[in-house]
Amino acid sequence: MTTVTTMPDAATAPGLFSRATMLVLVAAVVLSVALIAGPRSGMVLLIGLGFGLTLEGFRFGFTGPWRRMILERDASGLLAQLLAIAIVAMAALPLLAASGAELKGAHAPIGLAMIGGAFVFGAAMQIVLGCGSGTLVNAGSGNVVSALALPFFAIGSFAGAYHLSWWTSLGSLPVIVLEGTSGLGITLLGLAGVAGVALLLGRKGSHRLPARYWGALLALAALAILHLVVAGQPWGVVYGLGLWVAKGVVAMGGDLSGSVFWSASSNAAQVQASLLTDVTSLTDLGLIGGAALVAWWRAGLGSPVGILPARAWVAVIVAGLVLGYSSRLALGCNIGAFFSGIATGSAHGWVWFAAAFAGSFVGIRLRPMLGLEVRR
Amino acid sequence: MRRVHITLLVLLGVGVLLALDRAQSQPLNPYKAPPMIALGSGLAATGGHCAAPPPPAR
């Protein structure tokens, strides 16, 4: 890790008045967004805050558990992820089947660029120890590596989307969706199969999930289902990051008509509209805010920032760009493709998982070589 | 430098992003906003998502 972790210091922990004031301030922000942009925007921001509170509060994520599975054969974190996805699938697939066009899943085609993008994303997320949601949460809680990676993640996401149609044209299957009762059965069987392999390969005792994992998986699943019901689409991260940069490019006089993706009517309209109307932007901002709130609440912001060699900072910038670019080619990150894709029946979520997990092996080997940790 | 400084820098960045967005974007109209909950609204989901298949290449 890049920072020294210390236990919360009671002397520096915020007092009752400070905490109450902060809660009023957060409620005022959410209410203001609801009044300015509409009630759905306020609700989505609130859900995003919930995601941030959950991930930072329970110290749960996606990159770390994969790393522990690979390095220590600790399957518990991966099992918690699979359980959360299973719970969401049990609600999401029936809802999608019954709701018509009001709700949509994270359904994308399997393709060459998608598989390659997921592999590269898996490697890059192990280099910076942060995936889509993890980079936002870590940046919000004061992790300097993620804070530096975040703007480059956004630039990469914009660029990846700019070229996405070309990459997808290299070869893609039609969208394959597991729907209805049979789709739910296959999804749950698949999740159980992966969990079985993880248990088989995992070290003895790693089937016991710590209490914080149970808290995290139940809260994440509840929030993800609520997100689908409120926003009409599953939880996603990287579309919003690319949108932020697209808006900046246009504000500086840039022309996006050369991009098939950004000149498509729906995306061009979103570039002109406020970020407070974009679902993924709102949840992304909520993730940052929720993580910052938890870190402040438990006095976790007093630790000094670690010192890294120059090549490590360069590696973080490059990895941030690669994370963003590859996440668009992969048609989602660990949230949009793995978590939401599998939970809403998209076959691409399963292929994404396999490719990104394979890429994680490479990223774990690269990290010490780049000066981001002591060589083993 | 401590973590609190990094968090404050990130939050400052978010503030600048939202201020620039407000200056550049179409004005918001909460009275034309979609209902709070998509399920049961009768409106098709239209938001951008990273898994949405892109338009075909030209």
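Reminder, nothing fancy here: chain letters follow the sequence lines and each chain counts from 1.
- Ranked by heavy-atom pairs under 4.5 Å with chain B, the list V279(A), L103(A), L95(A), V44(A) is led by L103(A).
- Both the backbone and the side chain of P34(B) come within less than 4.5 Å of a heavy atom of chain A.
- Ranked by heavy-atom pairs shorter than 4.5 Å toward chain A, the options A33(B), P55(B), G13(B) are led by P55(B).
- The two residues I6(B) and V305(A) have their closest heavy-atom pair at CG1-CG2, 3.8 Å.
- In plain terms, the two heavy atoms of P30(B) and G38(A) that are nearest each other are CB-N, 4.0 Å.
- Although no hydrogens or angles enter the test, the distance criterion places no donor-acceptor pair under 3.5 Å between the side chain of R2(B) and the main chain of L301(A).
- Residue L20(B) does not touch chain A at all, counting heavy-atom pairs closer than 4.5 Å.
- Only the side chain of I288(A) comes within less than 4.5 Å of a heavy atom in chain B; its backbone stays farther off.
- With H107(A) contributing its side chain and A51(B) its backbone, the two residues share no donor-acceptor pair below 3.5 Å.
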Under the side chain to side chain contact (heavy atoms under 4.5 Å, CB included) criterion, do R3(B) and S141(A) qualify, and how do the steps go?
-> CA-CA 7 Å; R3(B) 290 180 81 108; S141(A) 62; 3.7 Å; yes

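- Of the two parts of L285(A), only the side chain, counted from C-beta on, holds a non-hydrogen atom closer than 4.5 Å to a non-hydrogen atom of chain B.
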Under the side chain to side chain contact (heavy atoms under 4.5 Å, CB included) criterion, do L43(B) and E102(A) qualify, and how do the steps go?
-> CA-CA 6 Å; L43(B) 300 174; E102(A) 290 169 353; 6.0 Å; no

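- Interface residue L18(B): only side-chain heavy atoms are found under 4.5 Å from chain A.
- For chain A, the option among A38(B), S41(B), P53(B) with the highest count of heavy-atom pairs below 4.5 Å is A38(B).
- No side-chain donor-acceptor contact under 3.5 Å links Q26(B) to the backbone of S274(A).
- Between the side chain of T7(B) and the backbone N or O of G140(A), at least one donor-acceptor pair lies under 3.5 Å.
- The candidate from P234(A), A147(A), P151(A) with the greatest count of non-hydrogen atom pairs under 4.5 Å with chain B is P234(A).
- Only the side chain of S169(A) comes within contact range of chain B, judged by heavy atoms closer than 4.5 Å.
- Residue S172(A): no heavy atom, backbone or side chain, is found under 4.5 Å from chain B.
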Just do the side chain to side chain contact (heavy atoms under 4.5 Å, CB included) check on I37(B) and R40(A) with the steps written out, would you?
-> CA-CA 6 Å; I37(B) 296 173; R40(A) 188 181 297 183; over 6 Å; no

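- Looking at L17(B) and W244(A), their side chains come closer than 4.5 Å, going by heavy atoms from C-beta outward.
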Please assess C50(B) against L331(A) for the test side chain to side chain contact (heavy atoms under 4.5 Å, CB included), listing each intermediate value before the final yes or no.
-> CA-CA 6 Å; C50(B) 46; L331(A) 296 167; over 6 Å; no

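- Residues L39(B) and V230(A) fail the side-chain proximity criterion, which asks for heavy atoms closer than 4.5 Å.
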